[in-house]
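Encoded as structure tokens, the structure appears first; notes follow it.
Any value given below was found using the heavy atoms of this structure, including those in side chains, with hydrogens, waters and symmetry copies removed. This chain uses plain numbering: 1 for the first residue, then up along the sequence. In each ligand, atom 1 is the first atom listed, and ligand 1 is the first ligand listed.
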Amino acid sequence: VTQFVPGLEGIVAAQTSISMVDGQNGRLLYRGYVIADLAERMSFEEVAHLLIFGELPTRAQLRDFSARMAKGRRLSPAAEAVLDALPADTDPMDVLRSAISVQGSSPHLRKPDAEQAVAYAAAVPVMLARFHRRRRGLPGLESRPELSHAANYLYLFDGKEPKPELARALDTYLVLLADHGMNASTFTARVIASTDSDLASSLTGALGALRGPAHGGAPGLVLDQLELIQTPAGAERWLREARTRKVRFMGFGHRVYRTYDPRARIFKEMARRLNPKFYALASEVEEHALRILEEEHPERPNATNVEFYSAGVLQAVGLPRDLFTATFAVARVAGWCAHVLEQVGHNRLIRPQSEYVGPPARSPKPIEQRG
Ligand SMILES: CC(C)(COP(=O)(O)OP(=O)(O)OC[C@H]1O[C@@H](n2cnc3c(N)ncnc32)[C@H](O)[C@@H]1OP(=O)(O)O)[C@@H](O)C(=O)NCCC(=O)NCCS
């Protein structure tokens, strides 16, 4: 292809056996498994193993993997010092970017491997919880090795073992968000890996790409918008007026899905069950939003995306709103690592071209002649 395509839309930038996003039919597979089957039955640990190592673990492999994850729930002294030095109003995405960078610093460039992948996946929640407690003036808590990744994440916030229903909901959230084809943050991670760089660099780059509202920055904004809308009765008026100001509906539209996001379907049902107050408003807003989007662009279906109902699930689980995007990263770190390892496995430097549209060749004038 020699023609420029804005946003690389439709360009195939990698071959992957990790996940498949079928945007026309609203299907998502992780290594051949339909997402709904994994979401219902699997823990984040099982799915992280699937993504990173290629297969669901046997019982012995899961025991080993979970033990490695539990062991990885610790921070380097430098990462702890950085976390404790950050001002309390630091955005949690800045927190993660800084802490991962420091946790991964080493005197020599390290080639990414699965052991590091597991260690980073394990450490990310610990970073967020430590920061969160500190900004509230509370001491950090020790991880509980017998708790699952999801349950331990919640435990680290308030020192209480979470209700099984909520730990399970977060587990499902983490499974659903763990990977998603060649999204912007995964692409970033692979570009960095393709230069033979280290895993921490790929992850910090990916975090930077994730945080924008066009990618992972939307879930907190979904709640902000719902708060502005206030009541189901006021939904349509608010939405129509917002569109006159070109405001985008948070949690709608997607670059690849031309139909309902299969993850959104699962989150919708979870939000109905776990967060009825949110659901009452959100489902009404969704109905009007979909109608308005269809009216505006009948030729380009813009449907509900993963962020809309997952916001209600994260709220039900008890996570603060400003940690929603960072919690997306808790899940996606598994996918990023899997993609980095895949890239490293058959690497070719990712180095596309640009089309020059600047002035034709010309001679520089000396400063005296430039006025
Ligand atoms: C996700 C997103 C960035 C995809 O963008 P994209 O593939 O570049 O799509 P485009 O921006 O080209 O959108 C195509 C048309 O649909 C409209 N559209 C897309 N998403 C919309 C939304 N959420 N609200 C209102 N209109 C939307 C655009 O305004 C555009 O119409 P226009 O050309 O008349 O302005 C975009 O849908 C969006 O901004 N969504 C809101 C944020 C969000 O939910 N992010 C989480 C993504 S998982």
Run the salt-bridge test on R237 and E241 with the 4.0 Å N-O cut-off and return the result as yes or no. no
Are E269 and R265 close enough for a salt bridge, meaning some N to O gap below 4.0 Å? no
Min side-chain heavy-atom separation T90-R135 under 4.5 Å: no
For the residue pair F65 and F53, does the interplanar ring angle fall in the parallel (under 30°), tilted (30 to 60°) or perpendicular (over 60°) class? perpendicular
Between F328 and H215, how do the two ring planes meet: parallel, tilted or perpendicular, split at 30° and 60°? perpendicular
Which of parallel (below 30°), tilted (30 to 60°) and perpendicular (above 60°) describes F252 and F249? perpendicular
Applying a heavy-atom distance cut-off of 4.0 Å, which protein residues contact ligand 1? P213, A214, H215, A218, R243, R248, F249, M250, G251, F252, G253, H254, R255, L293, H297, R300, N302, N305, E307
